[in-house]
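Heads up, the thing below is written out as structure tokens.
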There are 2 protein chains.
Amino acid sequence: MSPAHRSRLLTHITADLVVLTIRSGQLHVLVVERDNEPFAGQLALPGGFLRGDETLDRTAARELREETGMDPGSLHLEQVGVYSDPDRDPRVRRVITCSYLAIAPNLPVPTAGSDAREARWVTVARLLAPRARLAFDHKRILADAVERAREKLQFSTVATAFCDAEFTIGDLREVYEAVWGVELDRPNFHRKVTDADGFVVSTGRKRTSAGGRPASLYRAGDAETISPPMMRTPRARK
Amino acid sequence: MSPAHRSRLLTHITADLVVLTIRSGQLHVLVVERDNEPFAGQLALPGGFLRGDETLDRTAARELREETGMDPGSLHLEQVGVYSDPDRDPRVRRVITCSYLAIAPNLPVPTAGSDAREARWVTVARLLAPRARLAFDHKRILADAVERAREKLQFSTVATAFCDAEFTIGDLREVYEAVWGVELDRPNFHRKVTDADGFVVSTGRKRTSAGGRPASLYRAGDAETISPPMMRTPRARK
DNA sequence: GCAAAAGTGTTTTAGCTACACCCATGT
DNA sequence: ACATGGGTGTAGCTAAAACACTTTTGC
């Protein structure tokens with residue numbers, strides 16, 4: 001693809017996953033505990049090496065299934081960035097990683113899949129705290145993916161990917177509040193979301209959860225973008 | 001970074017560039033004519049292979065300098081996506097490309113740099129036309145990068161990267177009109193841009209171009225995002 | 001004077017904020 | 001009854017759209 005034939009470089013490629021979900025109002029990410037060096041015993045993002053006949057997107061989907069037991073077809077999975085610092089892996093001097101943001105509802109059990117090591121949910125806040133450590137440059141990768149998620153909530157309808165097939169407006173509001181770390185005005189949120197074209201579709205059914213009036217159930221609409229965008233108004237945290 | 005040691009795969013990596021600029025009101029991209037197989041004689045995006053001691057960001061910057069003679073330090077350069085289809089390069093069965101969006105003012109001559117083949121500006125509209133062809137999957141890469149640029153104009157201040165160090169509000173409006181392919185209301189655009197905090201800063205100077213009242217000159221401000229975002233109202237094309 | 005682009009003013013309307021208030025359920 | 005979350009109404013404000021109008025140059 002270029003004339004610089006003299007110094008081509010062969011490298012290893014991995015797809016690493018930042019799987020996000022909401023559990024009890026907190027943004028969580030799926031991490032595994034490493035059992036090999038380097039960084040044995042430390043927390044890391046799940047991921048794995050590219051194989052011969054697949055695209056990176058497929059690698060990401062496969063690893064998601066293998067390492068976490070989740071179904072990649074059912075959740076939002078998108079490329080975020082490439083990490084290519086020559087020294088990011090102390091062993092081999094060169095491993096390039098493409099990171100993926102995956103958004104999952106809370107339903108699937110956080111526990112491991114078939115051949116997986118132990119995988120578990122940890123709050124993002126804890127892993128991004130100044131003192132926290134993750135293997136490799138995974139803290140940076142996590143931060144970038146979370147930032148991407150925060151931005152996407154504003155202009156796209158991905159927030160529904162955090163919810164089950166049927167959800168209430170309150171569920172959806174919790175997603176925004178957890179990801180953005182703000183408290184939103186309930187009445188205004190309700191209007192904005194139900195008025196937005198193709199964001200949510202009423203199913204007619206209702207869900208009656210502990211305490212309070214039963215909430216109408218919705219499913220995700222066809223639209224992928226919201227215009228005008230959802231506004232992330234700064235207020236005090238819950 | 002994962003247990004799948006059995007089927008690791010070594011691959012070639014390139015950084016390919018989508019260098020955009022505005023020339024006489026039209027969005028242009030920098031392309032080179034290939035002189036080697038495959039796709040000899042066809043148009044392609046400039047780019048080149050990753051070397052041992054650099055990050056991909058550095059590869060992109062280096063290729064920009066080598067192939068186009070531009071100064072990478074002075075212009076906006078950002079990662080867009082990774083293309084990893086095993087069959088995207090007919091020769092070697094596996095070349096992974098990371099694409100970069102570069103935004104340049106019109107000033108630098110489009111002509112080639114030192115060791116470069118002939119590089120030239122072509123309108124994006126022409127290359128994305130249904131009948132148009134580009135080498136490899138570069139048409140797709142171009143389309144994705146242009147789409148990224150369109151989105152970024154809404155929420156960020158990158159539009160100034162298309163302009164010289166000093167520019168008029170009219171120059172900036174031309175950028176939006178060329179990239180979005182819409183006509184914007186001149187008075188409203190002026191207010192929106194000058195009122196937005198940190199988007200543009202008046203230099204006090206004026207520029208008197210052919211015909212019309214002299215325009216005040218501005219330079220790019222500190223802000224990186226615009227809130228509320230620039231709105232891309234659908235109207236008829238010029 | 002006239003054309004052309006820069007820039008200001010003004011009216012109308014959409015949409016957001018804030019907050020009061022009613023609704024339907026469990027305990 | 002009352003706590004709890006769901007949902008509607010509404011007044012006030014901000015900013016965008018549309019367009020009339022003034023300003024300052026070249027010819």
Side-chain angles (χ1 to χ4, degrees), chain A residues 22 24-25 153-155 163 166-178 180 182-197 199-218 223 225-236 238, chain B residues 24-25 153-155 163 166-178 180 182-197 199-218 225-236 238:
Chain A
I22 313 285
S24 46
L153 283 208
Q154 284 192 60
F155 313 113
C163 301
E166 290 205 332
F167 54 88
T168 69
I169 302 298
D171 294 340
L172 194 60
R173 185 168 41 78
E174 270 187 21
V175 169
Y176 277 90
E177 293 185 334
W180 283 351
V182 297
E183 192 172 347
L184 299 172
D185 183 85
R186 218 184 308 147
N188 292 338
F189 183 87
H190 187 280
R191 249 188 306 265
K192 171 93 189 193
V193 162
T194 50
D195 290 357
D197 220 56
F199 194 174
V200 296
V201 180
S202 173
T203 65
R205 274 184 291 279
K206 285 182 188 299
R207 180 206 295 165
T208 162
S209 53
R213 161 180 173 180
S216 294
L217 285 168
Y218 295 80
T225 62
I226 317 168
S227 147
M230 302 293 291
M231 279 306 180
R232 193 174 166 177
T233 20
R235 265 227 257 168
K238 219 178 285 190
Chain B
S24 45
L153 283 209
Q154 285 192 59
F155 314 112
C163 301
E166 290 204 332
F167 53 87
T168 68
I169 303 297
D171 294 340
L172 194 60
R173 187 169 40 78
E174 270 186 22
V175 170
Y176 277 90
E177 294 185 334
W180 284 352
V182 297
E183 192 171 348
L184 298 172
D185 182 85
R186 219 184 304 145
N188 292 338
F189 183 86
H190 187 280
R191 249 188 306 266
K192 171 92 188 193
V193 161
T194 50
D195 290 357
D197 220 55
F199 193 175
V200 296
V201 180
S202 174
T203 65
R205 275 185 290 280
K206 283 182 188 300
R207 179 208 293 167
T208 162
S209 54
R213 162 178 174 180
S216 295
L217 285 168
Y218 295 81
T225 61
I226 318 168
S227 149
M230 302 294 290
M231 279 307 180
R232 189 178 170 178
T233 20
R235 263 227 258 168
K238 216 179 285 184

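Below, read A as the first sequence line, B as the second, and so on, with proteins coming before strands; counting in each chain starts at 1.
Comparing A:Gly212 and A:Lys206 along DNA chain D, the residue whose closest nucleotide (by nearest heavy atom) sits nearer the 5' end is A:Gly212. The residue among B:Arg173 and A:Thr208 whose nearest nucleotide of DNA chain C lies closer to the 5′ end is B:Arg173.
The CZ-C1' distance, from A:Arg213 to C:dT25, rounds to 10 Å in whole Å. In this structure, CG of A:Asp185 is placed 9 Å from P of C:dC19, rounded to the nearest angstrom. Following rounding to the nearest Å, B:Leu172 (CG) and C:dA6 (P) show an atom-to-atom distance of 12 Å. A straight line from CD of A:Glu177 to C1' of D:dG5 spans 13 Å, rounded to a whole angstrom. Taking atom CG of A:Leu217 as the reference point, atom P of D:dG6 lies 11 Å away to the nearest angstrom. Look at CG on B:Leu184: it is 13 Å from P on D:dA16, rounded to the nearest Å. In this structure, CD of B:Glu174 is placed 13 Å from C1' of C:dA6, rounded to the nearest angstrom. Rounded to whole Å, the distance from CG on A:Asp195 to P on D:dG7 is 13 Å.
Within 4.0 Å of B:Pro187, counting heavy atoms only, lies at least one base atom of the nucleic acid.
The backbone N or O of B:Leu217 sits less than 3.5 Å from a side-chain atom of B:Thr203, completing a donor-acceptor pair. Between the side chain of A:Glu177 and the backbone N or O of A:Gly25, no donor-acceptor pair lies under 3.5 Å. Between the side chain of A:Gln154 and the backbone N or O of A:Arg232 there is no donor-acceptor pair closer than 3.5 Å. Panel note: side chain A:Lys192, backbone A:Pro187; no donor-acceptor pair is recorded below 3.5 Å. Side-chain N or O atoms of A:Thr168 include one that pairs as donor or acceptor with a backbone N or O of A:Gly170 at under 3.5 Å.
Using a 4.0 Å cut-off, some side-chain N or O of B:Ser216 falls inside it from OP1 or OP2 of C:dG7. OP1 or OP2 of D:dT8 sits under 4.0 Å from a side-chain N or O of A:His190.
Counting distance only, with no hydrogens placed and no angle test, the side-chain atoms of A:Arg186 and the base atoms of D:dG6 include a donor-acceptor pair under 3.5 Å.
Defining each end axis of the helix from C:dG1-D:dC27 to C:dT27-D:dA1 as the rotation carrying four pairs' C1' atoms onto the next four, with five pairs an end, the two axes are found to diverge by 10° to 10 degrees.
A ring-centre distance under 6.0 Å is not found for A:Phe199 and A:Tyr218.
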Would you tabulate the nitrogen or oxygen pairs shorter than 3.5 Å linking the protein to nucleotides 10-16 of chain C?
unit_1	atom_1	unit_2	atom_2	d
C:dC16	OP1	A:Lys192	NZ	2.4

- Item | Worked verdict on B:Phe155 versus B:Thr225 for side-chain contact (heavy atoms from CB on, under 4.5 Å) | CA-CA 6 Å; B:Phe155 314 112; B:Thr225 61; 5.9 Å; no
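Counting heavy atoms of neighbouring residues, nucleotides and ligands inside a 6.0 Å radius, atom CG of B:Asp197 does not exceed 12 of them.
Looking at B:Arg173 and B:Asp185, no side-chain N of the basic residue comes within less than 4.0 Å of a carboxylate O on the acidic one, giving no salt bridge.
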